[in-house]
Amino acid sequence: MWKVAAPAPPNSAPLPSPQLRSRLRVQSSAMPPLKYREMAAPTLFPLRNPMIRTRFAPSPTGFLHVGGARTALFNWLFARGHGGEFVLRIEDTDQVRSTAESAAGILSDLQWLGLDWDRGPVPGQEKNEYFQSTRLDIYNGFIDALAKSGHVYEAWETPAQLAAMRSQAEREKRPFRYRRQMPGRAPKGSTPCVLRFEMPHEEISFHDLILGPIQVGAEEHDDIVIRKSDGFPTYHFAVVVDDHLMEISHVLRAQEHLMNTPKHLALYRALGWKPPEHAHMPLVFNMDNTKMSKRDKSKAARHAAQLLMKNKPEVTLETLAAMAKVEPEALGKFLHQKQDNSAVTTAVAQALHLALPEIEVQDFRRSGYLHDALLNFIALIGWAPGENREILTRHELLDLFSLEGIGKTNGRFDRKKLLWMNGEYIRRASLKDLAQHMQAFNAVTDYPIKSADPAMLDKLLTMYQERMGTLGEMAENSRFFFSAPPLDPKAVDKFVRIASGPQHLQEIISLLAAANPWNAEGISPAMESIITMGEKRGSAAQILRVAVSGGAVSPPLLETLLLLGRDQTLDRLKRLEKEVAGVSGS
RNA sequence: GCCCUCAUCGUCUAGAGGCCUAGGACACGGGCUUUUCACGCCUGUAACUGGGGUUCGAAUCCCCAUGAGGGCACCA
């Protein structure tokens, strides 16, 4: 778990209880005509409405995905931008897949992003009432009420039977809909059964705040399971009960939930509750239009490994396993049976020096993206403030955000633009802020720069601020300040193993050896000579660059040498001298 | 297969019937600056999916086609 500079701890305000719950009225059997919502567009909201309350309700089955982060951001912006409240609720009704680690990770990622919540779990503490798994009796109470009014019935099919019924329907090319009065329902059995909710037999329509009017025909409804055989409510039921009890005014969620909304509205109606407003936002995909999934990371690692083994036959499964320090068997399964495995993925990527695509928030964090840059970028997918604005502070985001600004078309996650934006944030940041970001970055990564003292970090930051896209880039490129780097043979050939190379190298060594004192004034004359050395201005300086940095690219030499110090500089020059002399005989 | 949704440069988008010869940003190309790499500055290429309507006039409204995405779980 990472350490997090903790924002203000969220309040754990009590749930709306008895009096509010007493407002709950279960519908009698005589139903009034179905009219879920007037088709005319409702007024979106008055400005600064204290009654606006949104929620982000992730299921703790993995780390926080950028898509989830965007949903959280939009909900947060909408609530806070209008003086409302933002609720965080953990939907852990899937006993098999939910883990406490995931929940903690999601909390930590949201905190890192600065998306704080008014009500919800308290980091570092036990599950409270914002974890659905603690609320079983509440759901059961409402299920009982719904049963009394005749909306609920038992269904005894096993999962296997249901699967068979579905494939049967598929073979007959007809849609499968589970309905109470359909023929061939399983008789009462001895195993625990599920409880289903009988959907109305009428068209359901509603007005989506982003998409406009949506209708779903009566024949499309399916009697949804509301309680699983393990006694836990399904998502559909728990979400409705909690959104009501927690007085959520606006449900802002991804468009993949659009078809769930009629089910939820039917539940609201059966429970006698007023549903919240709904707004479904467009989805975000990879540039190639595939879904952004953590599997992309495995795919990238697998692809790179297979390419390597194809191009270099000497690399076998065993050698690669040894390189990555994983079991050959596990690697085999990963490679050949396409068994995704995050441990193997990471190990392979590390062994091959492969940068995995960032998918989860923590990936971006570890790559050295600034949280505000990530937030800014994410906000701009599917939403635009108008006026050609792009770089927006958190404050401006809050100020400008509106549901009307959300578009209807799916977006793509353009990593190049994110990289640009992150660089933009880095260049605009103060040195002090950058140092803080670097510290947070160091806490979750392990680069040599971790060992830099504040003074050195400051100097490095100054040097790299204008030439990095991410903190990770700087951490990588600044390695040579901490230990002698490997020499890039291509750079050595190009700049040093040339006719004038050895002689220039000698001159550089004696110039710098004589430089005194080792400060800007003392070195500058030597630097000037080095730059003007040779035919083309600056060409000889590359020799020096290769010597100290190992390659053809580095921050400006003067500052570099100053930070490196005389001894390191001369050592590395002599190392290069030896390298060139040693091989020239062959 | 059935249902739902969407459709402007490669990408994110501006655009609410005449302000559109379609604007901005990223990316890409060219140039300047430069001891490398960046940064910065200047500059270029590039889009209204197609077809029918409505209208004096359509990127904007309607219909159809096509394409794309989502959903069809005892997952959420």
Side-chain angles (χ1 to χ4, degrees), chain A residues 57-61 91-94 96-98 155 157-159 162-163 166 169-178 192-196 208 210-212 214-217 219-220 222 224-230 232 234-236 238-239 253-262 280 282-283 285 287 289 291 377 380-391 407-421 423 427 464-469 473 477 491 495 527-528 530-533 536-542 544-546 549 551-558:
Chain A
S59 68
T61 54
E91 308 219 320
D92 54 350
T93 53
D94 184 338
V96 180
R97 298 195 304 153
S98 298
E157 287 78 11
T158 62
L162 281 171
R166 288 200 181 92
E170 196 176 332
R171 255 175 282 131
E172 292 168 13
K173 298 200 180 211
R174 62 179 167 81
F176 176 72
R177 302 273 134 75
Y178 194 107
C193 66
V194 302
L195 258 29
R196 284 183 188 264
D208 186 281
I210 292 169
L211 297 171
I214 307 285
Q215 295 88 334
V216 178
E219 63 291 347
E220 301 305 325
D222 204 53
I224 50 171
V225 173
I226 56 173
R227 186 165 69 193
K228 306 181 244 184
S229 56
D230 65 1
F232 274 60
T234 58
Y235 158 74
H236 296 302
V239 81
R253 53 170 39 152
Q255 227 173 79
E256 62 198 19
H257 284 293
L258 187 61
M259 288 298 102
N260 290 334
T261 309
H280 290 92
L283 272 18
F285 295 92
M287 288 301 276
N289 235 346
K291 248 187 185 165
F377 175 72
L380 256 24
I381 308 177
W383 174 77
E387 300 173 21
N388 292 333
R389 307 278 302 269
E390 293 267 349
I391 304 279
K408 300 178 178 184
T409 61
N410 294 336
R412 252 134 309 214
F413 195 91
D414 186 347
R415 290 167 193 281
K416 285 190 172 164
K417 185 157 185 178
L418 169 61
L419 190 63
W420 163 77
M421 191 171 275
R427 272 168 251 128
Y464 279 99
Q465 183 166 29
E466 296 212 322
R467 61 195 93 236
M468 65 169 144
E473 231 172 71
N477 293 339
F495 299 112
M527 275 311 299
E528 194 47 43
I530 293 168
I531 288 163
T532 49
M533 199 180 283
K536 196 171 160 233
R537 187 180 160 81
S539 63
Q542 283 301 80
L544 174 57
R545 198 181 303 279
V546 171
S549 77
V553 176
S554 84
L557 282 167
L558 186 64

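This one's a predicted model, so the numbers in the text were calculated from it and none came from an experiment. So that the names make sense, note that chain A is the first sequence line, chain B the second, and so on, each numbered from 1.
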Requested in this report: Could you measure between the two P atoms, the one in B/C39 and the one in B/A25, and give it in whole Å?
Outcome: 16 Å

Query - Short side-chain to backbone donor-acceptor contact, A/N410 and A/P282, under 3.5 Å - result: no

Report summary line: Rounded to whole Å, the CZ-C1' distance (A/F495 to B/C37) equals 11 Å

Query raised in the report: Should we count CD of A/E170 as having more than 12 external heavy atoms under 6.0 Å?
Result: no

Query - Pairwise P distance for B/C28 and B/U11, with rounding to whole Å - result: 15 Å

Query raised in the report: If you measure from the P atom in B/A7 to the same atom in B/C12, how many Å do you get, rounded?
Result: 13 Å

Requested in this report: Indicate, with a heavy-atom threshold strictly under 4.0 Å, whether A/I531 touches base, sugar-phosphate, or nothing.
Outcome: base

Query raised in the report: Within this structure, what is the CD1-to-C1' distance between A/I214 and B/C4, rounded to whole angstrom?
Result: 7 Å

Query raised in the report: Which is true for A/G411 with a 4.0 Å heavy-atom rule: it touches a base, it touches only sugar-phosphate, or it touches nothing?
Result: sugar-phosphate

Query raised in the report: Just how far, in rounded Å, is P of B/U13 from NZ of A/K408?
Result: 14 Å

**Report entry** Opposite nucleotide pairing with B/G1, Watson-Crick or G-U, both atom distances under 3.5 Å
**Finding:** B/C72

Report task. Applying side chain to side chain donor-acceptor pair (under 3.5 Å), name anything that partners A/E172, two or more places apart in sequence or on another chain. Result -> A/Q168, A/R174

Query raised in the report: Which one is paired to B/G29, where only Watson-Crick or G-U wobble pairs with both distances under 3.5 angstrom count?
Result: B/U43

Requested in this report: List for me each residue that meets ring-ring contact (aromatic ring centres under 6.0 Å, His included) alongside A/F413, sequence neighbours excluded, and say none if there are none.
Outcome: A/F364, A/F377

Query raised in the report: Hey, are A/R196 and A/E157 close enough for a salt bridge, meaning a charged N less than 4.0 Å from a carboxylate O?
Result: no

Requested in this report: Summarise protein proximity over nucleotides 26-34 of chain B in one line of letters, 5' to 3': B for base, S for sugar-phosphate only, - for none, counting protein heavy atoms closer than 4.0 Å.
Outcome: BS-------

Query raised in the report: In whole angstrom, what separates A/M421's CE from B/U11's C1'?
Result: 13 Å

Query raised in the report: To the nearest angstrom, how far is A/F377 atom CZ from B/C12 atom P?
Result: 10 Å

**Report entry** C1'-based separation of B/C26 from B/C9 [nearest Å]
**Finding:** 12 Å

Requested in this report: Would you kindly give the CD-to-P distance between A/E473 and B/C39, to the nearest whole Å?
Outcome: 10 Å

Requested in this report: Taking only the side-chain nitrogens and oxygens of A/K173, find out if one of them lies under 4.0 Å from OP1 or OP2 of B/G1.
Outcome: no

Query raised in the report: If you measure from the P atom in B/C32 to the same atom in B/G70, how many Å do you get, rounded?
Result: 47 Å

Query raised in the report: Can you tell if the side chain of A/H280 reaches within under 4.5 Å of the side chain of A/I214, non-hydrogen atoms only?
Result: no

Requested in this report: With the side chain counted from C-beta on, respond yes when A/R467 and A/N477 share a heavy-atom pair under 4.5 Å apart, and no when they do not.
Outcome: no

Requested in this report: Could you tell me which residues satisfy side chain to side chain donor-acceptor pair (under 3.5 Å) with A/Q255, sequence neighbours excluded, listed by chain and number?
Outcome: none

Requested in this report: Starting from the 5' end of RNA chain B, give me the residue, A/L211 or A/R174, whose nearest nucleotide shows up first.
Outcome: A/R174

Query raised in the report: Is the shortest side-chain N/O distance from A/R467 to OP1 or OP2 of B/C37 below 4.0 Å?
Result: no

Query raised in the report: Mind checking who B/G18 pairs with, Watson-Crick or G-U wobble, both distances under 3.5 Å?
Result: B/C56

Query raised in the report: How far does the C1' atom of B/U66 sit from the matching atom of B/G52, given to the nearest Å?
Result: 14 Å

Query raised in the report: With sugar-phosphate meaning primed atoms plus P, OP1 and OP2, does A/A384 contact a base, only sugar-phosphate, or nothing at under 4.0 Å between heavy atoms?
Result: sugar-phosphate

Query - A/L544 side chain near A/M527 side chain, heavy-atom distance below 4.5 Å - result: yes

Report task. Report the base-pairing partner of B/U49 (Watson-Crick or G-U wobble, both distances below 3.5 angstrom), or none. Result -> B/A65

Requested in this report: For nucleotides 69-76 of chain B, just jot down a letter per nucleotide in 5' to 3' order: B, S or -, based on protein non-hydrogen atoms under 4.0 Å.
Outcome: SBS-SBBB

Requested in this report: Measure the shortest side-chain to side-chain distance between A/D208 and A/L258 over non-hydrogen atoms and say whether it is less than 4.5 angstrom.
Outcome: yes

Requested in this report: By nearest nucleotide on RNA chain B, pick out whichever of A/L380 and A/E219 is the more 5' one.
Outcome: A/E219

Requested in this report: Identify whether any heavy atom of A/G217 sits under 4.0 Å from a base atom; if not, whether one sits that close to sugar-phosphate; answer base, sugar-phosphate or nothing.
Outcome: nothing

Report task. Provide the distance between the two C1' atoms, one in B/U8 and one in B/A59, to the nearest whole Å. Result -> 7 Å

**Report entry** For A/Y235, ring-ring contact (aromatic ring centres under 6.0 Å, His included) partners two or more places apart
**Finding:** A/H257, A/H264

Requested in this report: Grab the CZ-C1' distance between A/R427 and B/G40 for me, whole Å please.
Outcome: 10 Å

Query raised in the report: Taking C-beta and beyond as the side chain, do A/D94 and A/P60 meet within less than 4.5 Å on heavy atoms?
Result: no

Report task. In whole angstrom, give me the gap between the C1' atoms of B/A14 and B/U35. Result -> 43 Å

Query raised in the report: Using a cut-off of 4.0 Å on non-hydrogen atoms, how would the nucleic acid contact of A/P556 be classed: base, sugar-phosphate, or nothing?
Result: base

Query - For atom CG of A/L557 and atom C1' of B/A38, their distance in whole Å - result: 14 Å

